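For reference, the structure is listed below as structure tokens.
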Amino acid sequence: MSTQRVFVARLAGCTVFDPAGDRLGKVRDVVVIYRKDDPPRVIGLIVEIPGRRHVFLSIGRVTSIATGQVITTGLINVRRFQQRGGEVRVMAELLGRKVYFADGSGHAVIEDVAIERNRLGEWDIGQLFLRKPKTSASPFAKGPTTFAAWSDVAERQNPGEAQSAEQLVASYSELKPADLANTLLDLPEERLIEVAEELPDDRLADALEEMPEDEQVHILEALGDERAADILDQMEPDDAADVLAQLPEDQREELLDLMEPEEADDVRALLKYGPDTAGGLMTSEPIVLSADATVAEALALIRRHELHPALAAAVFVTLPPYETPTGRLLGTVHFQRMLRYPPHERLGAIIDDTLDPVPATASAAEVARLLASYNLVSLPVVDPAHRLVGAVSVDDVLDYLLPEDWRSHDPEHEQATAPAANAPAVGGRRR
């Protein structure tokens, strides 16, 4: 094995390879166990494999830890990781903890942890990278940093004192919403809520949209009504409506009253439709433009990074007003069609009016049939007056058609192996 010191915050996100160079997954955390007189011992890594499942990789199956990559023996158990008593996750539980210097010189917060291989071939926690309290009154100032051995510090948490989650939140900054959601759900219950409290509203909203609805409700209830309303404001209206539909009516109305009026109105409009209809599946915020708008204007709107790819595939042309419910729907202009025309071309001249919109009362099965029949990623949804009230996209339909637990689906007999002919047998730890 490599004998170099490795800092866990840099190890997180590194790719895990088998001996043949095939990618197995990415490192998400390091698991350690405490010992009475010695530094905590590393027992394995938490690895995210395809399907966004987190599995346990014993440190004994790691042959090399180098910059940007981890090499294994090629065989891993793909059962979902379940934390056992006495196990501590470095990223999820150690980073952000307050520790006290043994010499009585004060306290600091753990910002990173280095793991090292000892002469017996075992991996232990080596140094801690610590940040002391700031000495300046400036809100932008940070305290000085220092390194310390595990034996130089001690943990002494006061009753009711929560550990800081700021460092852990920072380490999640590059995760995509779906990966962040999966990572959050793998945290211990108390740590999950603590990290959710630290995440910015928009970042947490993105993650919640990728979670099962019962988990969404649980987290929002734990955060309190005021914060929950702020999160719902940041969510897509259809996702917010799905969450609120799970709540008792009085609690739902209380949250809607706390939301921004415009956001609440969009959600209330969606709650009027059944969950298995086009109205219940749609988003009420598609891109709507007038017939006089140009291709350049439309392309500028769909370039917005926060726009969902399915909604960026087309713009809808209507009579005024241009916010849902709009004036009469005139037709659709698909992104690919816009690329075939000069920037100054008017959208009214290139409208596709051959595809009929779906009524808000159309069933989810009918919407799925139309999307599949015409190879579309979204469909306009109209009311009886042919006014555009929203758009339903293929991902909305898939969310509805897939089993409720599809995000956490864990095939019992699925197993990832390397092509090596003489690979060792899987250990029994996670059976």
Side-chain angles (χ1 to χ4, degrees), residues 51-52 176-179 181 205-206 209-211 235-242 266 269-270 273 275-289 291 293 295-318 322-326 329-341 345 347-348 350-383 386-403 406-407:
R52 299 203 301 270
K176 295 180 179 179
D179 296 331
D206 289 342
E209 290 174 357
E210 302 295 333
M211 294 182 185
M235 295 176 71
E236 292 293 329
D238 53 329
D239 290 304
D242 290 341
D266 289 340
L270 293 173
Y273 303 105
D276 57 348
T277 65
L281 296 173
M282 71 182 181
T283 176
S284 57
E285 297 180 342
I287 300 179
V288 182
L289 288 169
V295 167
E297 291 175 291
L299 291 176
L301 285 176
I302 66 177
R303 284 193 191 103
R304 292 178 298 169
H305 69 87
E306 72 273 13
L307 191 65
H308 193 285
L311 293 179
V315 299
F316 302 104
V317 180
T318 73
Y322 302 112
E323 292 185 0
T324 56
T326 68
L329 175 68
L330 300 178
T332 305
V333 182
H334 297 281
F335 166 68
Q336 192 176 33
R337 186 175 179 86
M338 284 187 270
L339 295 178
R340 300 186 186 129
Y341 289 87
E345 185 68 66
L347 295 181
I350 59 173
I351 285 177
D352 178 5
D353 57 3
T354 61
L355 184 64
D356 291 332
V358 294
T361 55
S363 68
E366 174 66 9
V367 174
R369 186 188 67 79
L370 289 172
L371 288 170
S373 297
Y374 298 103
N375 298 319
L376 299 171
V377 294
S378 66
L379 277 171
V381 182
V382 296
D383 64 10
H386 206 74
R387 300 181 303 171
L388 183 72
V389 293
V392 60
S393 58
V394 66
D395 63 301
D396 296 322
V397 177
L398 283 174
D399 277 346
Y400 175 78
L401 295 178
L402 286 170
W406 70 268
R407 289 182 174 87

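Owing to the predicted nature of the structure, the values given are computational and were not obtained by experimental measurement.
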- Message: Looking at Y322, I want to see if its OH is surrounded by more than 12 non-hydrogen atoms of other residues, nucleotides or ligands under 6.0 Å.
- Response: yes
- Task: Please test L376 against L370 for side chain to side chain contact (heavy atoms under 4.5 Å, CB included), starting from the C-alpha separation and ending with a verdict.
- Result: CA-CA 8 Å; L376 299 171; L370 289 172; 6.0 Å; no
- Residue pair V295, L347: steps toward the side chain to side chain contact (heavy atoms under 4.5 Å, CB included) verdict: CA-CA 6 Å; V295 167; L347 295 181; 4.3 Å; yes
- Task: To the nearest 0.5 Å, tell me how far L299 CG sits from Y341 OH.
- Result: 13.5 Å
Which donor-acceptor pairs under 3.5 Å do side chains of residues 276-286 form with protein atoms, sequence neighbours excluded?
unit_1: T277; atom_1: OG1; unit_2: G274; atom_2: O; d: 2.7
unit_1: T277; atom_1: OG1; unit_2: G280; atom_2: N; d: 3.1
unit_1: T283; atom_1: OG1; unit_2: E285; atom_2: N; d: 3.4

- Message: I want to check something: taking the side chain as every heavy atom from C-beta on, are E236 and D242 in contact at a cut-off of under 4.5 Å?
- Response: no
- Report the distance from atom OG1 of T361 to atom CG of D383, rounding to the nearest 0.5 Å. 10.5 Å
- Would you please name every residue forming a side-chain hydrogen bond (donor to acceptor under 3.5 Å, both in side chains) with D206, sequence neighbours left out? none
- Message: Is the shortest side-chain heavy-atom distance between V381 and L388 below 4.5 Å?
- Response: no
- Note on the structure: Output for pair (L311 CG, F335 CZ), nearest 0.5 Å, gives 14.5 Å
- Message: Let's go through T318 and L329 carefully: what are the C-alpha distance in whole Å and the side-chain angles of both, what is the deciding distance for side chain to side chain contact (heavy atoms under 4.5 Å, CB included) to 0.1 Å, and is it a yes or a no?
- Response: CA-CA 4 Å; T318 73; L329 175 68; 3.9 Å; yes
- Where do V367 and A362 come nearest, in terms of heavy atoms and distance? CG2-CB, 4.5 Å
- Query: Taking atom CD1 of I351 and atom CG of D353, what is their separation to the nearest 0.5 Å?
  - Reply: 7.0 Å
- Message: On a heavy-atom basis, which atom in V377 and which in A313 lie closest, and how many Å separate them?
- Response: CG2-CB, 3.3 Å
- Nearest 0.5 Å, what's the CD1-CD1 distance between I287 and I302? 6.5 Å
- Task: Taking the side chain as every heavy atom from C-beta outward, state whether T332 and L355 have any atom pair closer than 4.5 Å.
- Result: no
- Write down the atom of H386, the atom of P357, and the distance for their closest heavy-atom approach. CE1-CG, 3.6 Å
- Message: Is it the case that the side chain of R387 and the backbone of T324 share a donor-acceptor pair, with hydrogens and angles ignored and the cut-off at 3.5 Å?
- Response: no
- Message: Can you tell me how far apart NE2 (H334) and CG (L339) are? Round to the nearest 0.5 Å.
- Response: 13.0 Å
- Which residues share a salt bridge (Lys or Arg N to Asp or Glu O under 4.0 Å) with R369, sequence neighbours left out: E366
- Any side-chain heavy-atom pair of V382 and V389 under 4.5 Å: no
- Given E345 and V333, is the side chain to side chain contact (heavy atoms under 4.5 Å, CB included) satisfied, shown in steps? CA-CA 12 Å; E345 185 68 66; V333 182; over 6 Å; no
- Task: Indicate the atoms forming the closest heavy-atom contact of M235 with A205, along with that distance.
- Result: CG-CB, 3.6 Å
- Okay, side chain of H308, backbone of A310: is any donor-acceptor separation there less than 3.5 Å? yes
